[in-house]
Amino acid sequence: MATTKPDPPSTVAALRRSFEAGLTRPLEWRRAQLIALKDLLRHGEDALIDAMRVDLGKPAVEIRLTDLSFVAAEIDVMLRHLDAWASPERVRVPLTQRPGQATIVREPFGVALVIAPWNYPVHLLLLPMAAAIAAGNCVVGKPSEVSPKTSAALATLARRYLDPRAVAIVEGGPEETRELLEQRFDTIFYTGNGRVGRTVMEAAARHVTPVTLELGGKSPAIVDADADIDISARRVAWGKFLNAGQTCVAPDYVLVHERVERTFVDALARTLRSFYGDDPKRSRDYARIVNDRHFERLSGLLAATSGTVACGGEHDRAQRYLAPTVVTDVPPGDPLMDDEIFGPILPVLRVRDMDEAVRYVSSRTKPLALYIFSSSKTTVDRVLASTSSGSVGVNLTVQQLAIPGLPFGGVGESGMGAYHGRHGFETFSHRRAVFSKPTLLDPPVQYPPYTKIKEWILKKML
Ligand code: NAD
């Protein structure tokens, strides 16, 4: 394993030598590294859970579900399909170009850089790294300094389990990331906020390096009057308050049909009591805000909103605890509606009908996810046809990302590119076009001089 003391130029140079020597291309090497990653997750489980509990106060069940088992299950998918994904793909050759054989060959780009955030610190680092390895790349992983214990645990475990000639973890913050970004990578995969995403893209432009940007945004949940209100409230509450709202695909706000607003808000309050009891601060199943800066930002939003706190609102700076909070009577221009909330505050906006909901969503930047709760297929289809988002959940939240066959990524300001399952393999592969012809025949029709008869034949053929 390469050094954790950041020395980006020599780390990248060493990995590039390994790539050029062909170390990472054989499928056996890739398979062995994917299995090693699974070992890392299994044997490192206690260390990673301890670290994430310190960094984020996350419940152990949520850590297993959303960080550790999730990545292990995705690696299983990679192991199962690696041979098929990596096989050359034959494509049809038009009559005019026959005889010949055309194939798409998936090749690794070379040395990949994966930059991860803090909110799912294992998942968002190791899953793209696994996809990069499956596709045959060398890879540098950069965990977030905002979750320092997890970053250190990942670096130690990676040193123990992964091939140091091809996989490196570089710890550090913005400065180390900037230093990394000065190096030439062959592909960059960044997860985090859009401001840094733009910096990543600018740095990548200097070397014409392709980028995947997994960003955020305000993901709406639309609840129509005909939805099953109890189930909608439960599924919205689960997706929103998981990891104390610090989830990129959490429903950021709710647009609810005015006829069911009251019932929906009551159902949310009931659900929260059933999830976390009367005092969520004492619940073992409720996480904390990651740091003081984010705590100040969120409590500032609560102070600034002109909405009504329908439930929650309590906070405790010493513990960075912010109760699961639902805010009603939120006007469209409220401070809660400016930026992604990324915390346990759920604004509920009432709409007269689904057209108003669609107009509101379409007037904003394209979100990472959109959730629609309705029992009418016509309504669902109409919302889908008139909006855009990275992904959609119908009568659910967050779970769309657990389907490995579905691409996970944003659109517009919520990002570009995608991963999960085969999509991750594709993201870290160059699709090389290969066309080969036998030399047995070589009709002179395409070669100069272009006589009248050749011109006539070419016209007929094309
Ligand atoms: P963060 O602060 O950990 O930053 C992400 C990475 O960028 C870190 O590795 C950090 O070191 C680096 N970084 C930070 N500032 C930098 C700078 N000035 N220059 C260079 N590098 C810098 O995480 P965050 O941005 O707070 O993450 C939360 C955001 O990420 C939210 O907007 C959320 O929606 C989004 N997110 C998206 C996904 C997704 O899959 N689409 C997943 C999780 C989070």
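Since the structure is predicted, the reported quantities are computational estimates derived from the model, not experimental observations. Start at 1 and go down the list; that is how both ligands and their atoms are numbered. For the numbers below, each heavy atom of this structure counts, side chains included, while hydrogens, waters and symmetry mates do not.
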Which pairs of donor and acceptor atoms, one on a side chain in residues 213-223, lie under 3.5 Å apart (sequence neighbours left out)?
from   : atom 1 : to     : atom 2 : distance (Å)
Lys218 : NZ     : Asp252 : OD1    : 2.6
Lys218 : NZ     : Leu336 : O      : 2.7
Lys218 : NZ     : Asp339 : O      : 2.7
Ser219 : OG     : Ala369 : N      : 3.1
Ser219 : OG     : Ala369 : O      : 3.3

Test item: Val326 and Leu272 side chains (from C-beta on) under 4.5 Å apart, heavy atoms: yes
Met354 side, atom CE; Ser386 side, atom OG - distance, nearest 0.5 Å: 11.5 Å
Side chain to side chain donor-acceptor pair (under 3.5 Å) pairs, two or more places apart, involving residues 110-120: Tyr120-Thr247
Set of residues that line ligand 1, where lining means a heavy atom lies under 4.0 Å from it: Ile115, Ala116, Pro117, Trp118, Asn119, Leu124, Lys142, Pro143, Ser144, Glu145, Val146, Gly173, Pro174, Thr177, Arg178, Tyr190, Thr191, Gly192, Asn193, Val196, Glu214, Leu215, Gly216, Cys248, Glu340, Phe342, Leu368, Phe408
Parallel, tilted or perpendicular, as decided by the 30° and 60° cut-offs, for the rings of His43 and Tyr161: parallel
Residue pairs fulfilling salt bridge (charged side-chain N to carboxylate O under 4.0 Å, His left out) with at least one residue in residues 58-86, sequence neighbours excluded: Arg31-Asp83, Lys38-Asp76, Glu45-Arg64, Lys58-Asp67
